[in-house]
Amino acid sequence: MRVTEHLAHAAQPPISFEIIPPLRGGNVQGLLSLIDDLVRFQPPFIDITSHAAEVIYEESQDGTIHRRVKRKRPGTLGVCALLQNKYHVDAVPHILCQGFTREETEDFLIELRYLGIDNVLAVRGDDSGFAKPLQYGRSANRYASDLVAQITSMNKGRYLEAELLDAQPTSFCIGVGGYPEKHFEAPNLEIDVRRVKEKVDAGADYVVTQMFFDNRYYFRFVELCREHGIEVPIIPGLKILTAERQLSSIPRTFYVDIPEELADAALADPAHVVDIGVEWALKQSEELLAHGVPSLHFYVMQSAAAIKKLMAKLKP
Ligand SMILES: Cc1cc2nc3c(=O)[nH]c(=O)nc-3n(C[C@H](O)[C@H](O)[C@H](O)COP(=O)(O)OP(=O)(O)OC[C@H]3O[C@@H](n4cnc5c(N)ncnc54)[C@H](O)[C@@H]3O)c2cc1C
């Protein structure tokens, strides 16, 4: 079922989760027990992130520079297949521009359709150094709006090769990212919101926001989106603070603010950051639900410990 259908038909705002596939060589059992924990809360859908390979450049003794692939990040397709067909929860794989050619993206989408997956979240990704040389007529998507346009074309039965046999139209429901505190490369929020509109005009069916710890950012973002004619659902993305080190790593990685009150509480009692983070996320969730948000989406990533505590307290 499509994410937008889940939102439209739910009696109460549904709560969904986002997880990250294990690093290559990681233990699949850990992931399965994470999914076991999450499905108990009957999420309508679970997102699975996707990551381009990471590259480093090393200087050898003679001064020449060597490019090495440091880490590969497979797993998205396998985890989606399990979620969709073993757990019977709608899987939302993330699809990237960065590190993938349009031809690979098309193949990936064909695989997803074969697996009965109805949803994708289209994001650009960040530069991991893994730019592929585009040879033999291959092409790449630059911005998420280009990627959305490619998926929309497939939904209309238009594939990259005009003569492709059995080129059935797909029917993917397409999500995209939005940034209540603006994307770090955008000159200002207004211009960034115009970019979100371009993604919706290209065919995106809904928006999921980057995490935020102060609901005022979300409310202002939604208001601005509506003023710009964006009418699709805007799902708030939330993260529970679980460790003191995240007070610096989250703003550095995601370019979002952590409110003084939350940071002070975490610094004053580092042994209980999880409980402080859960209480904060609970207050955020309750206020968002009271404002009639379409649903809540939690960035769970690799551990269910904090979300289990929150779900025990949250009454939608
Ligand atoms: C809900 C969500 C899920 C995510 N999942 C993943 C994931 O699984 N894997 C991962 O690697 N990353 C993920 N990310 C992070 C994301 O890849 C980065 O934030 C990335 O830097 C931007 O992606 P985007 O899709 O928002 O890009 P875009 O919408 O392409 O925007 C990127 C920047 O370019 C600007 N821009 C857009 N179009 C144009 C244009 N035509 N001309 C000039 N400027 C333009 C925008 O204002 C913005 O500053 C996720 C982010 C969100 C919000």
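Every value quoted in this text rests on a predicted model; they were computed, and no experiment measured them. Read the numbers this way: they start at 1 and go in the same order the structure lists the ligands and their atoms.
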Query raised in the report: With side chains defined as the heavy atoms from C-beta onward, is the minimum distance between Val300 and Leu34 less than 4.5 Å?
Result: yes
Query raised in the report: Which ligand 1 atoms are under 4.0 Å away from a heavy-atom of Ala186?
Result: 47 (O), 49 (O)
Query - Nearest candidate to atom 48 (C) of ligand 1, where distance is taken over non-hydrogen atoms, out of His183, Glu198, Arg194, Glu18 - result: His183
Requested in this report: Determine whether more than 12 heavy atoms belonging to other residues, nucleotides or ligands lie under 6.0 Å from atom CD of Glu227.
Outcome: yes
Query raised in the report: Please state which protein non-hydrogen atom is closest to atom 7 (C) of ligand 1 and give its distance, to 0.1 Å?
Result: Ser50 O, 3.5 Å
Query raised in the report: For ligand 1, which atoms sit closer than 4.0 Å to a heavy atom of Glu185?
Result: 33 (C), 49 (O)
Requested in this report: Could you give me the CA-CA distance, side-chain angles and deciding distance for Tyr159 and Asp166, then say whether side-chain contact (heavy atoms from CB on, under 4.5 Å) is met?
Outcome: CA-CA 10 Å; Tyr159 285 61; Asp166 300 324; over 6 Å; no
Query raised in the report: Quick one: NE2 on His272 to CD on Glu279, what's the gap to the nearest 0.5 Å?
Result: 12.5 Å
Report task. Please write down residue, atom name and distance for the protein heavy atom closest to atom 5 (N) of ligand 1. Result -> His94 ND1, 3.0 Å
**Report entry** Ring centers of Tyr218, Phe212 separated by less than 6.0 Å
**Finding:** yes
Query raised in the report: In ligand 1, which numbered atoms sit nearer than 4.0 Å to a non-hydrogen atom of Val208?
Result: 1 (C)
Query raised in the report: Where on Val196 is there a heavy atom closer than 4.0 Å to ligand 1, on the side chain, on the backbone, on both, or on neither?
Result: neither
**Report entry** Straight-line distance of Asp118 CG to Asp90 CG, nearest 0.5 Å
**Finding:** 6.0 Å
Report summary line: shortest atom 30 (O) of ligand 1-to-protein heavy-atom contact is with Ala144 N, 2.8 Å
Query - Under 3.5 Å: N/O of Leu96 near N/O of ligand 1 - result: no
Requested in this report: Evaluate the salt bridge (charged side-chain N to carboxylate O under 4.0 Å, His left out) criterion for residues Arg124 and Glu185: first the C-alpha distance (whole Å), next the side-chain angles of each, then the deciding distance (0.1 Å), finally the verdict.
Outcome: CA-CA 12 Å; Arg124 187 194 65 179; Glu185 291 166 24; 2.8 Å; yes
Query raised in the report: Phe41 vs Phe17 aromatic rings, parallel, tilted or perpendicular, using cut-offs 30° and 60°?
Result: perpendicular
Report summary line: Within 4.0 Å of some non-hydrogen atom of Asp192, the atoms of ligand 1 are 46 (C), 47 (O), 48 (C), 49 (O)
Query raised in the report: Quick one: nearest non-hydrogen protein atom to atom 13 (C) of ligand 1, plus distance?
Result: Val123 CG2, 3.9 Å
**Report entry** Single-linkage hydrophobic cluster Ile230~Leu147, side-chain heavy atoms < 4.5 angstrom
**Finding:** yes
Report task. Could you find the nearest protein heavy atom to atom 1 (C) of ligand 1 and give me its residue, atom name and distance? Result -> Tyr299 OH, 3.3 Å
Query raised in the report: Hey, looking at atom 29 (O) of ligand 1, which of Lys199, Arg195, Arg124, Gln210 has the closest heavy atom?
Result: Lys199
Report task. Number the atoms of ligand 1 from 1 as they appear, then name those within less than 4.0 Å of a heavy atom of Thr49, with their elements. Result -> 8 (O)
Report task. Please identify which atoms of ligand 1 are closer than 4.0 Å to at least one heavy atom of Gly177. Result -> 53 (C)
Requested in this report: Look at atom 15 (C) of ligand 1 and say which protein heavy atom is nearest, naming residue and atom and giving the distance to 0.1 Å.
Outcome: Tyr179 OH, 4.2 Å
Report task. Report yes if some N/O of Asp126 lies less than 3.5 Å from some N/O of ligand 1; otherwise report no. Result -> yes
Requested in this report: Measure the distance from atom 34 (O) of ligand 1 to every protein heavy atom, then report the residue, atom name and distance (to 0.1 Å) of the closest one.
Outcome: Tyr143 CE2, 3.5 Å
Report task. Note the single closest protein heavy atom to atom 12 (N) of ligand 1, along with its residue, its atom name and the distance in Å. Result -> Gly125 CA, 4.2 Å
**Report entry** Interatomic spacing from CD1 in Ile151 to CG in Asp146 - rounded to 0.5 Å
**Finding:** 11.0 Å
Report task. For Tyr255 and ligand 1, answer yes if some heavy atom of the residue is under 4.0 Å from a ligand atom, otherwise no. Result -> no
Query raised in the report: In terms of the angle between their ring planes, are His6 and Phe45 parallel, tilted or perpendicular, with boundaries placed at 30° and 60°?
Result: tilted
**Report entry** Side chains of Thr49 and His51, donor plus acceptor under 3.5 Å
**Finding:** yes
